[in-house]
Amino acid sequence: MKLPKIYEPGEYESDIYALWEKSRVFLADPTSKKEHFSIAMPPPNETGTLSIGHALFLTLQDIMARYNRLHGKDVLWLPGTDHAALAVNAIIEKKLTEEGTTKHEIGREAFLERTREFVGNSRETMLGQMRAMGASADWSRLRYTLDDTLNRCVNETFVKMYADGLIYRGSRIVNWDPNLETNVSDDEVVYVEEKAKFYTFKYGPFEIGTARPETKFGDKYVVMHPDDKRYTKYKHGDTFETEWINGPITATIIKDESVDPQFGTGVMTITPWHSLVDFEIAERHGLDKEQIIDFHGNLLPIAEEFAGMPIAEARDKIVEKLAGKGLLVKTDENYAHNIAVNERGKGVIEPQIRLQWFIDVNKPAVEWKGEQRSLKEVMQLVIRENDIDIVPERFEKVYFHWIDNLRDWCISRQIWWGHRIPVWYRKDTDGREETYAGVQPPTDESEGWHEWEQDPDTLDTWFSSGLWTWSTLIDQDLAQDYSLTLDDLLRKSADFQAYHPTNVLETGWDILFFWVARMILTTTYITGEIPFKTTYLHGMIRAEDGKKMSKSRPESIIDPLTIIPKYGTDALRMALIMGVTPGNDQSWGWGKIEANRNFCNKLWNIARYIEDLIGDNYKPSKPEPATAADHWILSKLQHSTDLIGEHLDNYRFSEAYEVLYHFVWDDFADWYIEASKAQQNLPLLAYCLEAILVIMHPFAPFVTETIWQTLAWEGDSILAVREWPKIHSANVKAAKMFEEIQAIVTESRFITTALKTSGATLYYTDESVLRENAELIKRLARLKDVTEVRDGNGLYLTSTSARCWLDIDTETAQGYLKELEGKQEAQKRAVEQLEKRLANKAYVDNAPKEIVEQTNSQLEEARQLLASIQAEYDRFAKA
RNA sequence: GGGCGCUUAGCUCAGUUGGCUAGAGCAUCUCGUUUACACCGAGAGGGUCGGGGGUUCGAGUCCCUCAGCGCCCACCA
């Protein structure tokens, strides 16, 4: 079959993917005797379409999956999608608003129905896109964070933690988002700097500052540092009467060390219901807490005339009122402070006290390596003791810093989309309440009790994502059998036994806390195992100008789906890993994608050339290296193959790619194929091509498989499951000889280009390198002839020890004098440098022997070279 | 306030434990229709590795310090 001149990826990619799926080569087999290798794919949020960031993680994980598959391992790359509770919920609510309705109007069931429809559509789109990226995932094992098995795992985990006292319910201050009407975890809060007015009010004998006068109605505690000299006359617990917003109040003095005497007047009033810091002060001293703002962001009846008003409206009016009473001291118009917003939907966070579910991270109720530990301790231990490696290592510090400051994790959310908390309540006729936490709903009905009602809240989406590595490996049929315990399920699930712990978790550093840490937390607790041995963190992809891609600048967003049809998936994949290191962000560059489209086309034409020579129905045979070039390319191929493997084993994707690129393009195409036009070895050309297709396959699966299928040397075999090549060793001396040839060719090209001459003849005397390779050198260097003479004249080649001359007349050669002079200068410097180094006794004494020896031989070579350059220069200078 | 990262060619970035004359892609310049490929080939130019100091026989690489940029965490009423 003939290959066309230009590789058009769009014509092959979907057929090739279909072929892989049909051939079932991505399916894992837990009963296989082969070594297992597993990766749990980070499930993308079902919010629409894949982004360039998804393309990056799919590429990195696919490289690992394919590379290990080519090494004969049984690979499981388990794909999935995430219900993304808060993100999806926000999208649906926005749509409802646009339609002029609300979730309350349509009700919980209708809301969930809508949401299911939306995520169903998103999922289908996204799965298609993941295939388009070439992801070699096992689609038969596709999982979803909201499917039945996962729901059971969520409930099992919750109930076990509840029984162990690790989950508790309590009234705590939480980050309340009045827009989405839910609380969010500390990690989901982002801070936005804003200019605001900062007011100073008279408060009894004190002056207090605030940017939020609307919270001040209930303020009846005035707090200062116990050591603040200005206020020694006031004692803790003293009270005083003062005029305040809605009339006279009694205030109490509280001394607390959390107050910064340097800030403002060093005195503040507190609003424990709406501030974490104030809440903690109130807790320490047993003070009253009162709610001022309701859950929709409006003032409560305590505000009297302001009751029912939204914050923004009330603020100015309250200030006006206080000013009218003469209590406003001053207003700073340019006060810069950070306001907390929900990163999903950007609602302004209003701290509120609410009854919520929490995970206790400090209770030593977890058995780990035979000791009782807290969740926090286990999370620290697995990294400290290297059970899990983080790549790059520096993120270990970031991780520890986060863990050290970890507070109890609030896991309940007031949104409807998600895993519902598996807790039920009922009351008896006297109003007593009973609580039941269970994997399944309670069934008993007792006399005198009302019916059980399930907690209306859902769980933080990361609670279920945290179970990802092991819950996805549980047998789905077994999971329906509630007579089995969770331990039974794990023990009886073949996938769990074969693939857990997983080998690598590959994800972005931005979800190190959200996800990586949470997986460690729940997995160690439930399974007693780590979730993965290594976690590789990639960086973010920024726009071409180095700034974040942002919806507010649509032109900054690079959409993989517009790139693939134009440049091909392989080009996109290689562009995404080229020159990129773990944990570092990269800027998008069109140059990279073009370079890699060209690279794919280069490979295509290499294959085309070889196929033209070989014809159809070629059967690979054992290659016999004959020429210097043959030995050289074999040794290069061997070296490159080893190096690529070594880099990939160590997660150095970019370096592996670079070795591949230069081997294929520079060594194989530019040198070996060109050389083969003079001295042809068809079996070896074919052998190299086959090896190249395999080692390039993890990076560029489509073009390599397309070529392999077109060549069809091995019938209908699939490249994706071939064996990583073990290259025959080559004769080192012969390979070295080719390097000598390269030196002669390169210098000849340099001289003829510099002198703008063509058709020169190369003379040599009694040199086997030249005699045996005359035709080759003639061709590569574009010479008229290469002939043996008794004594040559013309331009003597200086970069080789072989004695040869370019037949260039003296007049033309004069033009080369300047070049020679420069060469001579440079070479002199090189010699001097080496001499200096060897004259240094300390160097000779202290440096390793090999290094010194190496320097010696370098010096010898450099001197020889200098001598011949000098001789040549002198000869010309005289002429 | 605490921490992390970056600063290497015009641009975007590599450079594993310190050791050949510091590399790549893109861009630039010159030449080129030769049995694949102009999405190509041959050749060239371009860097005091952010500044300063130190350790070492030897520093882009290790240590200190300063400067600029980016990010994370905490958050002050």
Side-chain angles (χ1 to χ4, degrees), chain A residues 3 5-7 186-187 191 198 208-212 215 223 258-260 262-271 275-278 337-338 340 392 394-395 397-398 401-402 405 509-510 512-513 540 542 544 546-547 567 571 575 578-581 583-592 594-613 646-647 650 652 654-655 658 661-662 669-670 673-674 677 680 745-746 749-750 752-754 756 758 779-782 826-827 829-830 833-834 837 840-848 850-852 854-855 858 862:
Chain A
L3 296 168
K5 203 165 174 176
I6 298 273
Y7 172 58
D186 295 342
D187 301 306
Y191 293 88
F198 187 76
I208 56 135
T210 183
R212 303 206 52 196
T215 64
V223 191
S258 66
V259 178
D260 176 8
Q262 307 300 318
F263 186 88
T265 56
V267 180
M268 65 179 191
T269 61
I270 57 168
T271 315
S275 155
L276 176 64
V277 176
D278 295 1
H337 73 150
N338 292 327
R394 67 185 147 87
F395 277 98
K397 274 188 204 166
V398 181
H401 182 256
W402 182 79
N405 294 297
W509 57 255
D510 55 328
L512 177 62
F513 309 141
M540 308 293 108
R542 295 188 308 241
E544 211 171 2
K547 294 184 183 129
Y567 294 94
M578 179 181 181
V580 174
T581 40
N584 283 341
D585 293 352
Q586 60 172 308
S587 297
W588 176 257
W590 287 102
K592 290 198 218 175
E594 281 177 15
N596 285 296
R597 176 202 54 192
N598 297 355
F599 185 31
C600 292
N601 195 55
K602 188 75 190 179
L603 179 73
W604 184 256
N605 276 286
I606 287 170
R608 200 159 80 95
Y609 176 72
I610 294 172
E611 146 129 287
D612 274 354
L613 292 175
E646 203 180 309
H647 284 315
N650 289 291
R652 296 193 291 258
S654 167
E655 285 169 73
E658 209 169 289
Y661 183 94
H662 289 109
D670 289 345
I673 288 190
E674 288 311 313
K677 289 173 184 173
Q680 206 172 60
V745 169
T746 303
R749 284 167 173 173
F750 176 78
T752 50
T753 312
K756 299 189 198 303
S758 59
R779 189 188 173 87
L780 290 178
R782 252 154 231 288
Q827 196 59 32
R829 277 198 301 275
Q833 214 173 9
L834 289 166
R837 195 181 302 169
N840 184 345
K841 193 168 177 307
Y843 172 71
V844 180
D845 291 349
N846 294 326
E850 316 88 73
I851 299 283
V852 177
Q854 198 182 311
T855 313
Q858 274 166 15

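Chain identifiers are assigned alphabetically (A, B, ...) following the order of the sequence lines, protein sequences preceding nucleic acid strands; residue numbering begins at 1 within each chain.
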Side chain to side chain contact (heavy atoms under 4.5 Å, CB included) partners of Ser654(A), counting only residues at least two apart: none
Outermost RNA chain B nucleotides near chain A [under 4.0 Å, heavy atoms]: C4(B) to A77(B)
Sugar-phosphate, base or nothing in reach of Tyr191(A), heavy atoms under 4.0 Å: base
Pairwise C1' distance for G46(B) and U28(B), with rounding to whole Å: 9 Å
N/O donor-acceptor pair under 3.5 Å between Lys592(A) side chain and Met578(A) backbone: yes
C1' gap between U17(B) and G60(B), integer Å: 16 Å
Spacing of the C1' atoms in C13(B) and A22(B) (rounded, Å): 14 Å
Touch class at under 4.0 angstrom, heavy-atom based, for Phe750(A) against every strand present: sugar-phosphate
Sugar-phosphate only, base, or nothing, as touched by Trp509(A) at under 4.0 Å among non-hydrogen atoms: sugar-phosphate
Atom C1', compared across U34(B) and C40(B): separation rounded to whole Å: 12 Å
Tyr661(A): partners by ring-ring contact (aromatic ring centres under 6.0 Å, His included), with sequence neighbours left out: Phe599(A), Tyr657(A), Trp665(A)
Sugar-phosphate only, base, or nothing, as touched by Lys5(A) at under 4.0 Å among non-hydrogen atoms: sugar-phosphate
First of Asp670(A) and Arg608(A) reached from the 5' end of RNA chain B, by closest nucleotide: Arg608(A)
Sugar-phosphate only, base, or nothing, as touched by Thr269(A) at under 4.0 Å among non-hydrogen atoms: sugar-phosphate
Salt bridge (Lys or Arg N to Asp or Glu O under 4.0 Å) involving Lys841(A) - partner list, sequence neighbours excluded: Asp845(A)
Gap in Å between the two C1' atoms, one belonging to A36(B) and one to C26(B), rounded: 25 Å
Touch class at under 4.0 angstrom, heavy-atom based, for Glu674(A) against every strand present: base
Partners meeting side chain to side chain donor-acceptor pair (under 3.5 Å) with Thr215(A) (sequence neighbours left out): none
Sugar-phosphate, base or nothing in reach of Lys677(A), heavy atoms under 4.0 Å: base
U12(B) and C75(B), which share atom name P, separated by this distance in whole Å: 36 Å
Arg608(A)/Glu611(A) ion pair, N-O < 4.0 Å: no
Touch class at under 4.0 angstrom, heavy-atom based, for Asn840(A) against every strand present: sugar-phosphate
Euclidean distance for P, U61(B) against G19(B) (whole angstrom): 10 Å
Touch class at under 4.0 angstrom, heavy-atom based, for His647(A) against every strand present: nothing
Closest-nucleotide 5' rank along RNA chain B - winner of Ala607(A) and Ser654(A): Ser654(A)
Touch class at under 4.0 angstrom, heavy-atom based, for Ala669(A) against every strand present: base
Sugar-phosphate only, base, or nothing, as touched by Ala847(A) at under 4.0 Å among non-hydrogen atoms: base
For Glu658(A), all residues meeting salt bridge (Lys or Arg N to Asp or Glu O under 4.0 Å), sequence neighbours excluded: none
Dot-bracket notation for RNA chain B, counting Watson-Crick and G-U pairs under 3.5 Å, with | for partners on another strand: (((((((..((((.....[...)))).(((((.......))))).....(((((..]....))))))))))))....
Sugar-phosphate, base or nothing in reach of Val223(A), heavy atoms under 4.0 Å: nothing
Euclidean distance for C1', G70(B) against G50(B) (whole angstrom): 15 Å
His401(A): partners by ring-ring contact (aromatic ring centres under 6.0 Å, His included), with sequence neighbours left out: none
Sugar-phosphate only, base, or nothing, as touched by Thr581(A) at under 4.0 Å among non-hydrogen atoms: sugar-phosphate
Sugar-phosphate, base or nothing in reach of Arg212(A), heavy atoms under 4.0 Å: nothing
Residues which pass side chain to side chain contact (heavy atoms under 4.5 Å, CB included) with Ala211(A), listed by chain and number, not counting sequence neighbours: Phe198(A), Tyr335(A), His337(A)
Under 3.5 Å donor-acceptor, Thr753(A) side chain and Arg749(A) backbone: yes
Tyr191(A) backbone acceptor or donor facing Asn338(A) side chain under 3.5 Å: no
